[in-house]
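Written below as structure tokens is the structure these notes are about.
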Number of protein chains: 2
Amino acid sequence: MANLAISEKIAHCAPVDCGDCPIRHRAVCARCEADELELLEQIKYYRNFEAGQTVIWSGDQMDFVASVVSGIATLTQTMEDGRTQMVGLLLPSDFVGRPGRECATYDVVATTDMVMCCFRRKPFEQMMIRTPHIAQRLLEMTLDELDAAREWMLVLGRKTAREKIASLIAIIARRDAALAMQGMRGPLVFDLPLTREAMADYLGLTLETVSRQVSALKKDGVISLEGKRRVTIPDMGRLLEEAGDDSDGGMLA
Amino acid sequence: MANLAISEKIAHCAPVDCGDCPIRHRAVCARCEADELELLEQIKYYRNFEAGQTVIWSGDQMDFVASVVSGIATLTQTMEDGRTQMVGLLLPSDFVGRPGRECATYDVVATTDMVMCCFRRKPFEQMMIRTPHIAQRLLEMTLDELDAAREWMLVLGRKTAREKIASLIAIIARRDAALAMQGMRGPLVFDLPLTREAMADYLGLTLETVSRQVSALKKDGVISLEGKRRVTIPDMGRLLEEAGDDSDGGMLA
DNA sequence: TAAACTCCTTGACCCAGATCAACCCTTGGA
DNA sequence: TCCAAGGGTTGATCTGGGTCAAGGAGTTTA
């Protein structure tokens, strides 16, 4: 019985074989050939984190880089006086850390239980030089993140509180839909992986404003809520309108 | 005489030899060896733009990528209703365009006269595959830009108008100082390359607020102005305090 | 079974920054 | 020499979202 529990735990920690990995085709290793994967397999190790746990403190020595295998984490910047701004959301397949950099620049906090696939930094950097497939994929992912960051600058700089909330919900919904690949039609249903406070940190708002605007969107029928976290979106087009990015009628990226 | 004028113009357009290029050691080509540079030289061409000219319209077909050789441009996103947010400032050595992407995602507008070193996209993409030095450098530059974008998210999301202005001036000053490598001591002097409106677009403010806060910083002796554009910073540490990023006492990145 | 948390909601009030509007200064045609 | 246009300043007023404060609802500790 104890053994079973332990083996379950290990199974949870370590997909063991990269071939079975749920993020195999989206993470930094996506482009790797079988032989390259084998090399990576030799230097990888898994780490588990619990919801609420801080994975990395800004300023800390970073002796590893990693991919998020499952769960969600946030990337946060803090000012001396305590003001904070979330600058990224880390989802399965996202990459953490920067090759060539010694110290972490942001706090990384797990918002759900999380599994990360880690590589010691030095060996990984060595491998990057020899394995262009890794660097290629990392460039692609970094360019995507840069686009996302710039998109978010528009949200932070120019959108109203209501538009901000709608934008955040739309982004989470879209990504969720892309992952689950659930049927294109019908209302989307998913759980918000963030507390109201985390949403506020992401949007540059206070948690009170977040709460009010979520209530308002619910009252206006743009979303509906089951409990505090479970969201249903009856009409994605409507939500996108509220977010201020009309254009495409709800395409799933 | 006419010939002279033309040759001057050409000289301005084209450093001709990459060895003489002012951005040789900072642009995408920074890591290239002599032979790689020769290949790049064969596919490069120069383009001039005047202050105010739009270099690229968002949504346009992009059949080239480029490095900024001299001058300054802005990267801007626009919403349907006309709200705009600047998402990047393009300075000498910065890279424009994304390998593998057909269409521009942002408007690029020259704010000063500008020279760009362009490469047709397809040949450049081919070269990237064969020349890891280019991809390596591009990855590095993209990671830097991502950091800058995230830094800016903090500015947009959490700083007050006064802090925003101070942050912008500090960034421009720092970069200017790094370029000019002028003596570390003594007050910094430089020209703001942006109109009040452009500053507002960058900071997510209105131009009136920008004007007021610039005046306030001047009145408080944080900066002094000669005309509308020429700025003197008597004490960089003080400026950084006003920007809300105390920490380092005015280090020039 | 309550006490102590954490997370969330709602109300009352206030203020930083937006909006609207008038005006200044410089530059460059005609 | 004037006038038109682009950039900048400044004042008066309004308002979205922040701040402060009270309380609800669910969940863990004891």
Side-chain angles (χ1 to χ4, degrees), chain A residues 50-53 74 79 81-85 109-112 155-169 191-219 223-231 242 244, chain B residues 50-53 74 79 81-85 109-112 155-169 191-219 223-231 242 244:
Chain A
E50 286 174 19
Q53 212 178 337
T74 60
M79 293 172 66
D81 62 9
R83 280 176 285 177
T84 66
Q85 175 65 52
V109 180
T111 58
T112 65
V155 173
L156 290 175
R158 294 300 182 190
K159 292 194 177 178
T160 64
R162 173 182 259 243
E163 288 170 331
K164 285 178 177 180
I165 299 289
S167 297
L168 179 59
I169 294 176
D191 284 313
L192 281 178
L194 302 174
T195 64
R196 297 288 186 266
E197 186 182 20
M199 292 173 71
D201 274 351
Y202 206 172
L203 297 166
L205 297 169
T206 58
L207 69 121
E208 294 94 328
T209 299
V210 170
S211 184
R212 279 186 249 272
Q213 295 296 339
V214 169
S215 299
L217 287 173
K218 177 174 137 193
K219 184 164 65 63
I223 61 173
S224 63
L225 286 177
E226 185 183 325
K228 309 291 181 189
R229 297 290 193 87
R230 190 158 207 82
V231 177
E242 293 286 353
Chain B
E50 286 174 19
Q53 213 179 335
T74 61
M79 293 172 66
D81 62 10
R83 280 176 284 177
T84 66
Q85 175 65 53
V109 180
T111 58
T112 65
V155 173
L156 290 175
R158 293 300 183 191
K159 292 194 177 178
T160 64
R162 172 182 258 246
E163 288 170 331
K164 284 178 178 179
I165 298 288
S167 297
L168 179 59
I169 294 177
D191 283 313
L192 282 177
L194 302 173
T195 64
R196 298 289 187 264
E197 186 182 21
M199 291 173 72
D201 274 352
Y202 206 174
L203 297 167
L205 297 170
T206 58
L207 68 115
E208 292 95 329
T209 300
V210 170
S211 183
R212 279 187 247 273
Q213 296 296 341
V214 169
S215 300
L217 286 174
K218 178 173 133 193
K219 185 163 65 63
I223 60 173
S224 63
L225 286 178
E226 183 183 325
K228 308 292 181 191
R229 297 291 193 88
R230 190 157 207 82
V231 177
E242 292 286 352

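Letters A, B, ... are given to chains in the order of the sequence lines, protein chains preceding strands, and every chain is numbered from 1.
- Residues R162(B) and L217(B) form a side-chain contact, since some pair of their non-hydrogen atoms from C-beta on lies under 4.5 Å apart.
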Worked verdict on K159(A) versus E242(A) for salt bridge (charged side-chain N to carboxylate O under 4.0 Å, His left out): CA-CA 10 Å; K159(A) 292 194 177 178; E242(A) 293 286 353; over 6 Å; no
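- The shortest non-hydrogen separation linking G244(B) to M79(A) is O-CE, 3.7 Å.
- Between I165(A) atom CD1 and dC8(C) atom P there is a gap of 12 Å when expressed in whole angstrom units.
- Straight-line distance from the CG atom of L194(A) to the C1' atom of dT6(C): 16 Å, rounded to whole Å.
- Residues satisfying the side chain to side chain contact (heavy atoms under 4.5 Å, CB included) criterion with A51(B), sequence neighbours excluded, are D113(B).
- With salt bridges taken as basic N to acidic carboxylate O contacts below 4.0 Å, none links R229(A) and D191(A).
- Residue-level contact check: R229(A) touches the backbone only, with heavy atoms under 4.0 Å from sugar-phosphate atoms and none from bases.
- Within 4.0 Å (heavy atoms only), T195(A) reaches sugar-phosphate atoms of the nucleic acid but no base atom.
- Position along DNA chain C of the nearest nucleotide to S215(A) versus Q213(B) favours S215(A) as the more 5'-ward residue.
- Salt-bridge check for R158(A) with D81(B): failed, with every basic side-chain N at 4.0 Å or more from each acidic carboxylate O.
- In this model, the phosphate group of dA18(C) is approached by a side-chain N or O of T209(B) to a distance below 4.0 Å at OP1 or OP2.
- Along DNA chain D, read 5' to 3', the first and last nucleotides having any atom under 4.0 Å from a heavy atom of chain B are dG8(D) to dA12(D).
- Residues Q85(A) and L203(A) approach most closely at NE2-N, 4.5 Å, considering heavy atoms.
- Rounded to a whole Å, the CG atom of D201(B) is 17 Å from the P atom of dG17(C).
- Contact annotation: T206(B) reaches the phosphate of dA18(C) (side-chain N/O to OP1 or OP2, under 4.0 Å).
- A heavy-atom distance below 4.5 Å is not found between the side chains of Q53(B) and V109(B).
- At the heavy-atom level, G204(A) lies under 4.0 Å from the strands shown only through sugar-phosphate atoms.
- Taking 4.5 Å as the limit, every side-chain heavy atom of L168(B) sits out of range of all side-chain heavy atoms of V155(B).
- Two residues, R158(A) and L207(A), neighbour DNA chain C, and the one matched to the more 5' nucleotide by heavy-atom proximity is L207(A).
- G227(B) comes within contact range of no nucleotide atom at all, as no heavy-atom separation falls under 4.0 Å.
- Whole-Å rounding puts the K159(B) NZ to dA16(C) P distance at 18 Å.
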Letter per nucleotide, 5' to 3', of nucleotides 20-27 of chain C [B base touched, S only sugar-phosphate touched, - untouched; heavy atoms, 4.0 Å]: B-------
